[in-house]
Amino acid sequence: MASLAAAQVQEVRSITRIERIGAHSHIRGLGLDDALEPRAVSQGMVGQKMARKAAGVILQMIREGKIAGRAVLLAGQPGTGKTAIAMGLAQALGPDTPFTSMAGSEIYSLEMSKTEALTQAIRKSIGIRIKEESEIIEGEVVEVVVERAAGGGGARTGRLTLKTTDMETNYDMGTKMIDSLLKEKVQAGDVITIDKATGKINKLGRSFARARDYDATGQQARFVQCPEGELQKRKEVVHTVTLHEVDVINSRTHGFLALFSGDTGEIKSEIREQINSKVAEWREEGKAEMIPGVLFIDEAHMLDIECFSFLNRALESESAPVVIMATNRGITRIRGTNYKSPHGIPLDLLDRMIIVPTAPYSAQELKEILNIRCEEEDCQMSNDALTVLTRVATETSLRYAIQLITTASLVAKRRKATEVSMEDVKKVYSLFLDEHRSEQFLKEYQDEFMFSDVSGSGDGPQLMEVSQ
């Protein structure tokens, strides 16, 4: 029974270590040096040197807050790394800068108006860094004494002794403080902080003086130095939230729990106006500062003329985030109109944009990308197999070649091989069609398929278009 339980625990632990491998999970940054010059291969990025250098300049402008009211357009054919550059930019900005990613077609499937969906996306991309000073008591616990009445009833009383390197003090505790201490499992030798305003207790770790004690400490036990100076200190606490989170919390119809459920619905404009004025007040008093983040809209040609008009106006706002769009369309119709324009984006919005082009990869760059993806997907591949896969990527598409990595790896595992060979790649290439071979297959067997648009010369039954 004990061995079965141990096996189950081991299984759970191994599952928690698994990290999901995504299409761009190998991207760690833009791969630039200090002079914003792109390295050949760095942080998962390969090639696209001009586009990465341009993204590096944009990154510097975002950090210095000099890009408000502008948008960036990543334009290039499919499979040239537009989303990868946006993801690299997000990674380079760091976790404090809000980054919101959405697809252009998302706004049509949400249960709210298009402008509301865009407003929420924009406000998710604007952060507020709120500073507040709080009085705290910080020290090492010398003794915790909790006393109960003789009969078991009545209120509990307690005493807490804290010390720093310079002083030691006794504190009398009430029922709430005793409950907090018991909940946090505070014991002698712990270094704790107590917020005087809220009574919240935070355990920082065990004191180094107790490191040699023979009490049970797990692997996660942190050892910290005993605090110096006074027990009571003033500490500045910084909270970073987005404007959208503040909107949701202050919306009475949804409240705080809507942040977890995700069902925020439409938020009234009056609430947003009140929050904007309050944030402006905090900024004047020096309590808060704005962090303009990044809103990334992939497949931007899917937006319609109403969305483009709204974005055009929203970009003029003082606290607008940097809007990065990506599209693979050429001259095409603007959705919602009969007019055509470059990338399917209105000309007045294109005038506001910094357009960064992406170019097709060379064969050597494709090989390097496939090599990085093999490492990311934990797949050992022979040089011959990688050369064949590179040729497949050159003749078909990079995305198709990446799909063959995992499938070829599974075929190799099936025959109990540790390395993917050229034969494995050839086998999966024959099993799974690419776009061009699929088109050829349809042309060859078009008469066998239903609703084929290609007019056939056979005597079989023909479908006639019925006007409605």
Side-chain angles (χ1 to χ4, degrees), residues 59 62-65 67-68 89-102 119-139 176-177 180-181 183-184 186 190-205 222 224 227 230-265 267-296 317-322:
L59 172 70
I62 293 169
R63 282 176 176 163
E64 292 175 11
I67 199 169
L89 189 66
Q91 295 278 3
L93 283 168
D96 268 358
T97 307
F99 182 90
T100 310
S101 179
M102 65 179 290
T119 304
Q120 289 193 12
I122 287 169
R123 288 177 78 87
K124 278 178 191 172
S125 310
I126 303 169
I128 320 168
R129 194 177 283 128
I130 302 166
K131 302 170 191 170
E132 61 174 355
E133 277 196 350
S134 60
E135 286 195 8
I136 62 163
I137 299 166
E138 185 178 37
K176 283 187 179 179
M177 189 62 73
S180 297
L181 280 169
K183 187 180 176 184
E184 292 292 328
V186 173
D190 289 341
V191 178
I192 63 168
T193 62
I194 304 171
D195 191 327
K196 284 186 75 177
T198 60
K200 187 183 175 185
I201 295 170
N202 187 22
K203 198 154 73 167
L204 302 177
R222 280 183 62 195
V224 292
E230 295 280 329
L231 272 163
Q232 293 193 32
K233 298 170 185 173
R234 290 189 72 82
K235 192 174 182 181
E236 190 179 77
V237 184
V238 179
H239 309 283
T240 305
V241 292
T242 65
L243 273 179
H244 176 67
E245 286 170 351
V246 180
D247 292 346
V248 173
I249 290 165
N250 286 279
S251 176
R252 287 182 185 175
T253 52
H254 308 296
F256 179 68
L257 290 174
L259 282 174
F260 301 99
S261 65
D263 185 20
T264 54
I267 295 167
K268 293 177 183 175
S269 57
E270 294 87 359
I271 291 168
R272 289 203 174 109
E273 284 167 13
Q274 288 171 11
I275 288 163
N276 289 345
S277 60
K278 193 67 184 173
V279 169
E281 193 181 307
W282 285 346
R283 287 174 70 191
E284 283 177 16
E285 293 171 3
K287 288 182 182 175
E289 59 177 304
M290 300 288 281
I291 315 168
V294 176
L295 170 60
F296 175 57
S317 170
E318 173 191 340
S319 58
V322 180

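Just the heavy atoms: all of them, side chains too, but no hydrogens, waters or symmetry mates, feed the values below.
For Gln274, there are no side-chain contact (heavy atoms from CB on, under 4.5 Å) partners, not counting sequence neighbours. Residues forming a side-chain contact (heavy atoms from CB on, under 4.5 Å) with Ile291 (at least two apart in sequence, or on another chain): Pro98, Arg129, Thr240. Here Thr242 pairs with nothing under the side-chain hydrogen bond (donor to acceptor under 3.5 Å, both in side chains) rule; sequence neighbours left out. Not a single side-chain hydrogen bond (donor to acceptor under 3.5 Å, both in side chains) links Lys200 to another residue, sequence neighbours left out. Judged as a side-chain hydrogen bond (donor to acceptor under 3.5 Å, both in side chains), and not counting sequence neighbours, the contacts of Glu285 are Lys287. Listed by chain and residue number, nothing satisfies the side-chain hydrogen bond (donor to acceptor under 3.5 Å, both in side chains) test with Gln91 (two or more places apart in sequence, or in another chain). Remark: Asn202 pairs with Thr193, Leu204 by the side-chain contact (heavy atoms from CB on, under 4.5 Å) rule, at least two apart or across chains. Partners of Glu230 under the side-chain contact (heavy atoms from CB on, under 4.5 Å) rule, at least two apart in sequence or in another chain, are Met167. With sequence neighbours left out, Glu184 forms a salt bridge (charged side-chain N to carboxylate O under 4.0 Å, His left out) with no residue at all.
Across every non-hydrogen atom of Leu295 and Ser125, the tightest pair is CB-OG, 3.5 Å. Residues Glu135 and Asp195 come closest through the heavy atom pair O-OD1, 3.7 Å. Here the closest heavy-atom approach between residue Gly293 and residue Thr97 is recorded as CA-CG2, 3.8 Å. Scanning all heavy atoms of the two residues, the minimum distance from Pro321 to Val294 falls at CB-N, 4.5 Å.
The CD1 atom of Ile137 sits 11.5 Å away from atom NZ of Lys233, with the distance rounded to the nearest 0.5 Å. Atom NZ in Lys278 sits 4.0 Å away from atom CD in Glu281 (nearest 0.5 Å). For the atom pair CG of Leu181 and NZ of Lys203, the computed distance is 10.0 Å after rounding to the nearest 0.5 Å. Residue Thr119 holds its OG1 atom at 5.5 Å from CZ of Arg272, rounded to the nearest 0.5 Å. Once rounded to the nearest 0.5 Å, the distance linking CG of Asp247 with CD1 of Ile275 reads 4.0 Å. Taking CD1 of Ile267 as the start and NE2 of His244 as the end, the distance is 5.0 Å to the nearest 0.5 Å.
Counting heavy atoms from C-beta outward, Arg283 and Ile128 have side chains that stay 4.5 Å or more apart.
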_Assess the residue pair Ile201 and Lys183 against the criterion (side chain to side chain contact (heavy atoms under 4.5 Å, CB included)); give the C-alpha distance rounded to whole Å, side-chain angles, the decisive distance to 0.1 Å, and a yes or no._
CA-CA 10 Å; Ile201 295 170; Lys183 187 180 176 184; over 6 Å; no
*Check the pair Arg123, Val248 against side chain to side chain contact (heavy atoms under 4.5 Å, CB included), reporting the backbone distance first and the verdict last.*
CA-CA 11 Å; Arg123 288 177 78 87; Val248 173; over 6 Å; no
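Just one of Ile271, Ile130, Asn276, Val241 meets the side chain to side chain contact (heavy atoms under 4.5 Å, CB included) condition when paired with Val246; it is Val241.
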